[in-house]
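Down below is the structure, laid out as structure tokens.
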Amino acid sequence: CRVSVRAHALHYGSSVFEGIRSYRTPDGACLFRGRDHLRRLYRSAEIYRIPIPYDLEELHEACRETARANGLADAYLRPIVFRGDAGLGVMPGNPAAVETAILAADWGLHFDPGSREEGVDVCVSSWQRVAPNTIPAGAKAGGNYLSSFLVVAEARERGFAVGIALGADGLVSEGSGENVFVVTGDRILTPPVSSSILGGITRDTAIRLARELGLEVAEQAVSREQLYAADELFFTGTAVEITPVRRVDHVTIGS
Ligand code: PMP
């Protein structure tokens, strides 16, 4: 499996990808909302005019087959579509030079094993999320993760598990690779998709499950101080699944 050093994605970040978990179930290994992840992959590709030379069902089956062929059950699937040797200009000389790959790996918990019960300690990042009229946060593109890298690297250097970035408007956006939920009284708040977030599949599941339980969930702007004053705070995402936050900038959340 070779990638050209001339690959457009290597020079300009022009890849789109997904991270999908597969879980061992009594019926065998199952992808968690695999088709919904792949729908987002096609939307990301559309934004960057990357023609994916396969249809969704083909990629879905290829993801399942990659897990099966590697004997994986509790695993992580990473379908990635990227501009290959399309010419050295930013505007691809050969727009059809598009490569598709699926990586698979065993994977369990993202944070420390205790994080599920005890929560993680996070900070508010000094790095802002990309502004909506710069690079679209709603597309899951390789280049976006330069922003995520800066957020998480700063957090780790300061001794935190991860960072929460504010948007260009100073309001809460998201973590480097996770969406943020705030529980205040009997209301659950989460920043809307217009807050420079990636609209998470896990975020959507959390919203649906909470509503099924009769809880009130609002997608609305969240201010920084609402984090500190929250009764509960949690992250959602494929990697972190649902992980509680214990402290933000050393302020303990709730009890
Ligand atoms: N935001 C960013 C920047 C992410 O990379 C991810 C992980 N894909 C998420 C949010 C959470 O999205 P999902 O629940 O679909 O994994």
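Atoms within a ligand are numbered from 1 in the order they appear, just like the ligands themselves.
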Quiz item: Of the listed options (V240, V180, T202), which comes nearest to atom 14 (O) of ligand 1 when hydrogens are ignored and any heavy atom counts?
Solution: T202

Self-check item: atom 16 (O) of ligand 1 [closest protein heavy-atom partner, distance rounded to 0.1 Å]
Solution: T238 OG1, 2.5 Å

Quiz item: Tell me: protein heavy atom nearest atom 7 (C) of ligand 1, and distance?
Solution: G177 O, 3.5 Å

Quiz item: Any nitrogen or oxygen of S176, main chain or side chain, under 3.5 Å from a nitrogen or oxygen of ligand 1?
Solution: no

Quiz item: Purely on distance, is any nitrogen or oxygen of R129 under 3.5 Å from one on ligand 1?
Solution: no

Self-check item: Ring centers of F160, H250 separated by less than 6.0 Å
Solution: yes

Exercise. Measure centre to centre between the rings of Y145 and F17, then say whether the value is under 6.0 Å.
Key: yes

Quiz item: G200 heavy atoms, cut-off 4.0 Å: which ligand 1 atoms fall inside?
Solution: 12 (O), 13 (P), 14 (O), 15 (O)

Practice problem: Would you tell me which option among E241, E174, R203, H37 has the nearest heavy-atom contact to atom 10 (C) of ligand 1? | Solution: E174

Quiz item: Does E219 CD have over 12 foreign heavy atoms under 6.0 Å away?
Solution: yes

Exercise. Could you tell me whether I201 and ligand 1 have an N or O pair separated by under 3.5 Å?
Key: yes

Quiz prompt | Polar contact flag for S148 and ligand 1 (N/O pairs, less than 3.5 Å) | solution = no

Exercise. Could you verify whether a donor N or O on one side chain and an acceptor N or O on the other, from Y228 and D249, lie under 3.5 Å apart?
Key: yes

Quiz item: Under 4.0 Å from any heavy atom of G237, which atoms of ligand 1 are there?
Solution: 11 (C), 14 (O), 16 (O)

Quiz item: So, R246 versus T252: side-chain donor-acceptor pair below 3.5 Å or not?
Solution: no

Quiz item: Of the protein's non-hydrogen atoms, which lies at the shortest distance from atom 5 (O) of ligand 1, and what is that distance?
Solution: Y145 OH, 2.4 Å

Practice problem: Output the list of atoms in ligand 1 that are nearer than 4.0 Å to some heavy atom of K140, sorted by atom number. | Solution: 5 (O), 7 (C), 8 (N)

Quiz item: Same hydrophobic cluster for L233 and V124, using side-chain heavy-atom links shorter than 4.5 Å among ILVMFWY?
Solution: yes

Quiz prompt | Note, L189 side chain near Q226 side chain (heavy atom, < 4.5 Å) | solution = yes

Exercise. Give, for atom CG of L103 and atom CZ of R78, the distance between the pair rounded to the nearest 0.5 Å.
Key: 7.5 Å

